[in-house]
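For reference, the structure is listed below as structure tokens.
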Amino acid sequence: MIVTRFAPSPTGYLHIGGLRTALFSWLWARKNGGKFLLRIEDTDMARNSQQAVKAIIEAFDWVGMSYDEEVYYQSKRFDIYKEYIDKLLTDGKAYKCYMTKEELDVLREEQMAKKERTRYDGRYRDFNGTPPVGIEPVIRIKAPLDGIITFVDGVKGEINIASSEVDDFIIARSDGIPTYNFVVAIDDALMGVTDVIRGDDHLYNTPKQIVIYNALGFTIPKFAHVAMINNEQGKKLSKRDGAVDVMDYKHNGFLPEAILNFLVRLGWSHGDQEIFSIEEMIKLFDPKDINKSSSSYNLDKLYWLNSHYIKQKSDDELSFLLVDFGVDIINNSKKSDILNATKERAKTLVELSSQIKLILEAPKSYDEKAFAKAFKDESAKELLKAFGSSLEALKPQAKEDYHKALEDFVSQNSIGFGKIAQPLRLALLGELSGAGLDEIMEIIGLDESLKRIENITKG
RNA sequence: GGCCCCAUCGUCUAGCGGUUAGGAUCCAUGGUUUUCAUCCAUGUUACCGGAGUUCGAGUCUCCGUGGGGUCACCA
């Protein structure tokens with residue numbers, strides 16, 4: 001059985017890049033009928049928060065990614081880690097190191113001065129003298145002194161790293177709390193994780209974790225390291241580049257379908273296909289098709305996908321989603337007219353909601369420039385008034401009636417369509433572009449249409 | 001700096017030794033539309049550089065160059 005996991009450290013929100021690796025892991029587990037685990041890496045007590053855990057789980061819920069079993073917290077598993085540390089100690093595969101932080105700093109400075117790679121010098125590796133008093137030791141693992149650590153990465157292929165690059169790293173701090181690379185290896189092994197799909201930035205942790213696996217006789221899982229997502233300048237994605245918190249996308253009016261579709265195509269592809277439903281992703285995803293190179297983050301396609309999925313949503317679904325954006329048309333009898341008039345010109349739910357508000361709420365003011373443009377002809381106001389009168393006489397109801405009213409008015413007065421359309425649209429919406437005039441008037445009805453015409457012409 | 005990874009249109013990507021180097025997005029133009037948008041059509045734009053290997057190289061090898069990652073008692 002395939003078991004994958006997502007293992008965030010709860011230091012803040014769920015990062016958009018993190019969501020992508022989580023998505024890859026999730027897809028791979030679901031495709032194979034395996035398990036997808038969520039494990040919170042909170043061994044650094046100083047930096048975690050329960051709130052961050054909540055935020056991460058909330059983001060998972062929002063995009064609809066489900067994890068199996070309970071949420072694991074490493075902070076609740078210290079007993080387990082201790083057991084394995086003791087085992088390594090008694091087996092002579094790990095040892096206590098009494099070097100202080102200060103001494104370590106001195107060593108590092110010396111190495112840097114000599115332009116050497118900074119690494120622990122192994123001074124306590126074979127120490128069996130009397131330990132210095134008053135120093136709580138750290139525990140270090142005995143890493144191989146020579147040779148090469150090799151593993152086959154699922155996306156990058158064979159990776160070889162000289163053992164000399166991996167020093168006797170610390171597996172438990174002086175306060176007894178185990179460190180990242182140790183607990184990850186223990187947990188992945190104990191939880192039966194078969195496929196570790198994670199960011200490229202963990203590539204160098206892999207040989208370290210392999211050292212642990214080997215020391216404890218665990219089976220080494222498959223690794224797949226996914227290249228980073230950079231910003232448009234090719235640099236690391238940061239808050240300056242816009243939304244990196246997954247939940248920001250929710251608030252900005254993006255649909256989870258669009259986010260997931262966007263993310264799955266960032267680094268992964270299936271021929272020329274661009275649109276993937278969740279079911280298709282699950283069916284088609286394979287880590288072997290993940291691109292080796294890093295990709296740049298560019299929102300153009302996300303907007304395109306989002307508008308695609310907005311158009312696909314049913315009226316009920318959309319009206320439900322719109323509530324969070326200040327528009328409640330769930331029980332509006334004109335719901336589908338309203339949505340049909342607006343959803344094709346909205347890239348986000350934010351845009352959609354503001355377009356709907358424009359129709360539903362009479363304009364409170366008119367943009368100065370737009371007004372000047374629409375009413376630059378002296379005759380414009382009279383024309384609009386006349387159109388209002390003709391509506392009063394015709395009493396149109398359906399969209400088609402309004403359409404005909406407009407056509408007839410234009411031909412009877414021998415004017416171009418723009419002469420009446422521009423002032424009328426401004427009257428109805430307060431803006432010069434938007435939904436079809438006939439659609440708007442049908443939705444708001446004759447009385448409201450006349451009222452809005454009167455409002456702009458009375459002055 | 002050491003080590004590791006990467007390199008096709010602006011961006012996301014297809015390509016797996018022989019292609020007019022394909023798709024998507026963006027942009028531009030035209031059409032449909034009573035405006036805008038949608039939709040449709042068309043178009044501009046790419047194999048980082050240099051050596052090899054080969055009858056033939058975007059594809060294989062090497063060397064440059066550029067970019068990224070990583071070098072904690074963080075995760």
Side-chain angles (χ1 to χ4, degrees), chain A residues 7-11 41-44 46-48 74 97 99-101 104-105 108 111-112 114-120 136-140 153 155-157 159-162 164-167 169-181 183-184 199-207 225 227-228 230 232-236 262 265-275 289 291-305 307 311 341-347 351 355 402-403 406-407 410 416-418 420-422 424-425 429 431-438:
Chain A
S9 61
T11 52
E41 313 246 314
D42 55 354
T43 51
D44 183 357
R47 303 207 317 179
N48 323 309
Q74 292 188 320
C97 169
M99 199 172 176
T100 62
K101 250 180 212 173
L104 207 47
D105 288 342
R108 267 200 206 104
Q111 289 169 332
M112 271 156 71
K114 283 189 253 173
K115 299 215 163 177
E116 287 172 2
R117 173 182 157 73
T118 56
R119 68 198 311 280
Y120 174 64
E136 282 302 322
V138 298
I139 314 290
R140 287 181 182 272
D153 187 274
V155 340
K156 294 181 189 297
I159 305 283
N160 297 296
I161 289 166
S164 57
E165 291 293 318
V166 179
D167 61 6
F169 61 95
I170 293 169
I171 59 174
R173 303 135 139 140
S174 47
D175 61 7
I177 293 176
T179 58
Y180 173 75
N181 280 117
V183 296
V184 167
D200 217 353
D201 49 342
H202 287 286
L203 195 72
Y204 250 70
N205 291 142
T206 308
H225 289 95
M228 302 277 91
N230 296 321
E232 289 186 67
Q233 287 74 239
K235 304 289 180 193
K236 197 177 164 132
F262 174 70
R265 282 288 289 105
L266 217 53
W268 176 82
S269 61
H270 180 74
D272 283 341
Q273 189 170 345
E274 294 288 345
I275 305 284
D289 298 319
N291 211 115
K292 286 171 160 180
S293 53
S294 59
S295 39
S296 288
Y297 199 70
N298 177 295
L299 262 21
D300 284 341
K301 223 166 198 171
L302 212 210
Y303 278 106
W304 172 70
L305 284 165
S307 57
K311 277 178 268 179
T342 51
K343 71 178 173 189
E344 282 193 346
R345 65 200 88 219
K347 284 187 160 55
E351 286 180 19
Q355 284 178 34
Y402 286 103
H403 192 91
L406 272 164
E407 275 185 340
V410 165
F417 184 78
I420 182 65
Q422 293 275 73
L424 180 57
R425 182 183 306 283
L429 294 184
E431 298 202 352
L432 289 180
S433 68
L437 294 167
D438 46 7

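Everything quoted here is computed from the prediction, not taken from an experiment.
Every residue two or more places apart in sequence or in another chain that forms a side-chain hydrogen bond (donor to acceptor under 3.5 Å, both in side chains) with Y297(A) is listed here: Y249(A). Among residues two or more places apart in sequence or in another chain, the ring-ring contact (aromatic ring centres under 6.0 Å, His included) test is passed with Y180(A) by H202(A). Scored by the side-chain hydrogen bond (donor to acceptor under 3.5 Å, both in side chains) test, E274(A) finds R265(A), K301(A) as partners (sequence neighbours excluded). Taking the ring-ring contact (aromatic ring centres under 6.0 Å, His included) definition, one finds that H403(A) meets it with nothing, sequence neighbours left out.
As rounded to whole Å, 16 Å separates atom P of G69(B) from atom CD1 of I161(A).
Base pairing of U61(B): its partner is A51(B), meeting the Watson-Crick or G-U wobble criterion (both donor-acceptor distances under 3.5 Å). Look at A24(B): its Watson-Crick or wobble partner, with both distances under 3.5 angstrom, is U11(B).
Nucleic acid contact for H225(A): none, since no nucleic acid atom lies under 4.0 Å from a heavy atom of the residue.
If you check U13(B), C26(B), G23(B) against the side chain of D300(A), the one that comes closest is C26(B).
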Which nucleotides of nucleotides 36-45 of chain B have their base under 4.0 Å from a protein heavy atom (B), which only their sugar-phosphate (S), and which neither (-), written as one string 5' to 3'?
BBSS------
Going 5' to 3' through nucleotides 70-75 of chain B and flagging B where a protein heavy-atom sits under 4.0 Å of the base, S where only the sugar-phosphate is that close, and - otherwise, we get SSSBBB
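Between the side chains of H225(A) and D200(A), no donor-acceptor pair is found at a separation under 3.5 Å.
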